[in-house]
Asks: 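Okay, handing you the structure first.
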Amino acid sequence: AAVLDVDGVGKSYQTGTLNVDALRGIDLTIGQGEYVAIMGPSGSGKSTLMHILGCLDTPTAGTYRLVGVDVGDLSEVELAEVRNSLIGFVFQQFNLLAHLTALRNVELPLAYAGTSRDERRRRALDALAGVGLADRVDHRPRELSGGQQQRVAIARALVTDPALILADEPTGNLDSRSTGDVLALFDELHRGGRTIVLITHEEDVAARAERVIRIHDGELRTGVPLAVGR
Ligand code: ADP
Ligand code: ADP
């Protein structure tokens with residue numbers, strides 16, 4: 001079954017009398033358990049597409065369905081609910097709250113979802129153990145390396161058991177060793193059946209995915225991954 005189904009999606013920005021077509025005629029279907037990288041140069045429309053896939057913005061043409069739900073029909077409140085329950089976000093800047101421990105950061109999406117305190121704690125500890133940080137749960141972000149912070153962020157993305165992991169340049173702030181750790185973790189998640197969309201401008205990062213989609217001037221070109229980095 002398709003986790004996401006993008007059909008003829010376009011996005012135009014109107015600034016004064018100038019109209020920019022950031023995305024045009026995007027068709028993209030991603031099935032359960034697929035690991036897909038989206039690549040493209042600066043200005044190609046990656047951020048715009050990521051915002052649409054992440055339900056942070058809606059298309060100006062076409063339809064986007066996430067687990068069968070037509071996102072274009074939803075209110076702002078419903079979109080926020082979809083983001084919190086169906087999507088696990090991983091960002092370049094980690095976006096952890098500095099004053100909270102790793103455990104509290106990972107519990108946050110469950111707090112929004114109204115999960116009980118004991119259940120939150122149990123699931124957050126589980127998620128942190130799953131990313132190899134069982135011994136760091138009481139550390140605050142500044143007490144962790146960049147790679148460890150990103151693993152906390154990945155645990156936070158996983159804790160709600162989302163339909164889709166959406167990672168935007170997740171290794172953009174990491175040294176090569178931590179990049180390797182984070183990519184190995186994505187490989188493991190993929191083997192475990194997770195659906196992952198990774199946005200990157202780095203060829204060797206994209207090559208880890210099973211499918212690479214290239215975006216140029218707001219249009220997609222699909223292709224096979226390069227056999228590097230394996
Ligand atoms: P990328 O992430 O690949 O660098 P973007 O999605 O940010 O590309 O941008 C794609 C195109 O859309 C660019 O031409 C950019 O200038 C334009 N664009 C993006 N956001 C806006 C906006 N809010 N208003 C007007 N134009 C925008
Ligand atoms: P709520 O309105 O319920 O507080 P938000 O819209 O703030 O929900 O956030 C819902 C989800 O979307 C969160 O997981 C958050 O990390 C993500 N999110 C919110 N704003 C952005 C953004 N500008 N870029 C990327 N992700 C975002």
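If you're wondering where the values come from, they're calculated on a predicted model, not measured in any experiment.
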Asks: Determine, using the 4.5 Å side-chain heavy-atom cutoff (strictly less than), whether F89 and L183 are members of one ILVMFWY cluster.
Replies: no
Asks: So does Q92 get a backbone contact from the side chain of E169, meaning a donor-acceptor N/O pair under 3.5 Å?
Replies: no
Asks: Are any of the side-chain heavy atoms of L128 and R136 separated by less than 4.5 Å?
Replies: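 L128 does not reach R136 side chain to side chain.
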Asks: Do T48 and K46 come within less than 4.5 Å of each other through their side chains, counting heavy atoms only?
Replies: no
Asks: Are any of the side-chain heavy atoms of N105 and P141 separated by less than 4.5 Å?
Replies: yes
Asks: What do the steps show when you test D5 against T29 for side-chain hydrogen bond (donor to acceptor under 3.5 Å, both in side chains), and what is the final call?
Replies: CA-CA 5 Å; D5 189 11; T29 301; 3.1 Å; yes
Asks: Does this structure show an ion pair linking E219 with K11, if we count only N-O contacts that are shorter than 4.0 Å?
Replies: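 Looking at K11 together with E219, the answer is no, because their closest N to O distance does not fall below 4.0 Å.
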Asks: So, S12 versus D21: side-chain donor-acceptor pair below 3.5 Å or not?
Replies: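 There is such a pair between these side chains.
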Asks: Measuring from atom CG of D126 to atom CG of L158, what distance do you get when rounded to the nearest 0.5 angstrom?
Replies: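 So the CG of D126 and the CG of L158 are separated by 11.0 Å.
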Asks: Are R156 and L96 side-chain neighbours, meaning at least one heavy-atom pair lies under 4.5 Å?
Replies: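 In contact.
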Asks: I want to check something: taking the side chain as every heavy atom from C-beta on, are F186 and I154 in contact at a cut-off of under 4.5 Å?
Replies: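 Yes, side chains in contact.
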Asks: Ignoring hydrogens and angles, tell me if any N or O in the side chain of E119 forms a donor-acceptor pair with the backbone of S116 under 3.5 Å.
Replies: no
Asks: Applying the side chain to side chain contact (heavy atoms under 4.5 Å, CB included) test to L53, which of I26, V9, V6 qualifies?
Replies: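 Only match with L53 under side chain to side chain contact (heavy atoms under 4.5 Å, CB included): V6.
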Asks: Test of understanding: with ring-ring contact (aromatic ring centres under 6.0 Å, His included), list the residues that count as partners of Y35, not counting sequence neighbours.
Replies: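 Here the qualifying residues are H190.
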Asks: Is the closest side-chain heavy-atom distance between V131 and L185 below 4.5 Å?
Replies: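 Yes - at least one pair of side-chain heavy atoms lies under 4.5 Å apart.
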Asks: Does a side-chain N-to-carboxylate-O contact under 4.0 Å join D187 and R194?
Replies: no
Asks: Within the 3.5 Å criterion, strictly below it, is a donor on S178 or D175 matched to an acceptor on the partner's side chain?
Replies: yes
Asks: Would you say that I165 contacts V197 through its side chain, given a criterion of any heavy-atom pair below 4.5 Å between the two side chains?
Replies: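 I165 does not reach V197 side chain to side chain.
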Asks: Does the side chain of C55 come within less than 4.5 Å of I87's, by heavy atoms?
Replies: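 Yes, side chains in contact.
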Asks: To the closest 0.5 Å, what do you measure between CG (L79) and CG (N84)?
Replies: 12.5 Å
Asks: Does the distance from a Lys or Arg side-chain N to an Asp or Glu carboxylate O, for R104 and E107, drop under 4.0 Å?
Replies: yes
